[in-house]
Amino acid sequence: MHHIRQRAAVIATFCGARPGKDPAYAELAEDFGAALGRRGCGLVYGAGGAGVMGAVAGAALSHGATVTGVVPHDLHERERSQQAPGQIFVVQSMHERKALMYRLSSAFAVLPGGFGTLDELMEVATWNQLGMHRKRVVLLNTKGYFDSLLGFLDIVAQEGFMTHEERDLVHATADVDEALDLLTAEPSEAVAALTVPR
């Protein structure tokens with residue numbers, strides 16, 4: 001009888017390089033990072049050393065998670081990547097950053113952030129919609145941060161610009177453990193081996 005070795009879940013986490021106005025956002029990031037470590041999950045993130053991004057990575061690393069950061073050369077200093085926890089890879093462009101993060105991860109968690117966070121969310125949801133991958137997408141909706149966005153996605157489905165099944169590709173919860181249950185549930189794809197373009 002052959003046994004297939006299951007690799008640990010590796011969660012790409014999209015979130016802000018700023019802390020936001022409410023300390024609850026950094027607290028959420030720390031709780032989520034700690035929970036990743038406790039569950040034996042890995043973290044892939046945007047290699048920012050500050051804000052929500054730095055908080056989730058620092059907590060994950062201190063709780064035993066494998067932490068991998070990916071940052072484009074142009075943002076290396078701006079996002080304080082020299083202070084970022086984990087193994088950091090510097091790539092040439094934002095496109096390369098996102099492509100490598102997607103390849104290395106088995107699912108996507110979205111914490112509070114700005115344009116970059118929303119861009120990454122919409123891209124991975126679109127990839128699911130188009131069948132380019134099958135990886136879960138879960139919003140950590142602390143303080144109702146994503147309520148308006150979730151309501152808008154409901155309207156998009158109601159108005160016929162996506163199906164209700166496509167709308168359901170984006171999950172949301174305010175609970176860290178529930179989020180990780182969703183993120184580590186099947187279906188998920190195998191994580192690519194770490195090969196960084198030179």
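Quick note: residue numbers are just sequence positions, from 1.
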Tell me every residue that passes side chain to side chain contact (heavy atoms under 4.5 Å, CB included) with Met162, counting only those two or more places apart in sequence or in another chain. Gln129, Leu153, Val156, Ala157, Glu166, Arg167
Over all heavy atoms of both residues, which pair between Tyr102 and Glu123 is shortest? Give the atoms and the distance, please. OH-OE1, 2.6 Å
If only atom types and distance count, is the side chain of Arg97 paired as donor or acceptor with the main-chain N or O of Val70 below 3.5 Å? yes
Contacts of type ring-ring contact (aromatic ring centres under 6.0 Å, His included), residue Phe146, not counting sequence neighbours: none
I'd like to know if Leu121 and Leu130 are part of one continuous hydrophobic network [Ile/Leu/Val/Met/Phe/Trp/Tyr, side-chain heavy atoms within less than 4.5 Å]. yes
Report yes if the side chains of Leu118 and Leu149 come closer than 4.5 Å at any heavy-atom pair, otherwise no. yes
For Asp181, is there an ion pair with Arg39 - N to carboxylate O distance below 4.0 angstrom? yes
Judged by atom type as modelled, is there a donor-acceptor pair below 3.5 Å linking the side chain of Lys143 to the main-chain atoms of Ala24? no
Side-chain contact test, heavy atoms from C-beta onward, threshold under 4.5 Å: evaluate it for Leu100 versus Val44 and give yes or no. no
Can you tell me how far CG of Leu111 sits from OH of Tyr145, rounded to the nearest 0.5 angstrom? 10.5 Å
Heavy atoms of Val71 and Gly46 approach each other most closely as CB-O, 3.9 Å
Indicate, with yes or no, if Leu182 and Leu36 share a hydrophobic cluster defined by side-chain heavy-atom contacts under 4.5 Å among Ile, Leu, Val, Met, Phe, Trp and Tyr. yes
Tell me which pairs pass side-chain hydrogen bond (donor to acceptor under 3.5 Å, both in side chains) where either residue lies in residues 23-32, with sequence neighbours left out. none
Report the residue from Asn141, Leu180, Val138 that forms a side-chain contact (heavy atoms from CB on, under 4.5 Å) with Thr173. Val138
Polar side-chain atom of His133 near backbone of Val124 as donor-acceptor pair, under 3.5 Å: yes
Search all heavy atoms of Val67 against all heavy atoms of Leu61 and return the closest pair with its distance. CG2-N, 3.7 Å
Heavy-atom closest contact (Val52 atom, Cys15 atom, distance): CG1-CB, 3.6 Å
Does a side-chain heavy-atom distance below 4.5 Å link Val137 with Leu169? no
Are Phe108 and Met101 side-chain neighbours, meaning at least one heavy-atom pair lies under 4.5 Å? no
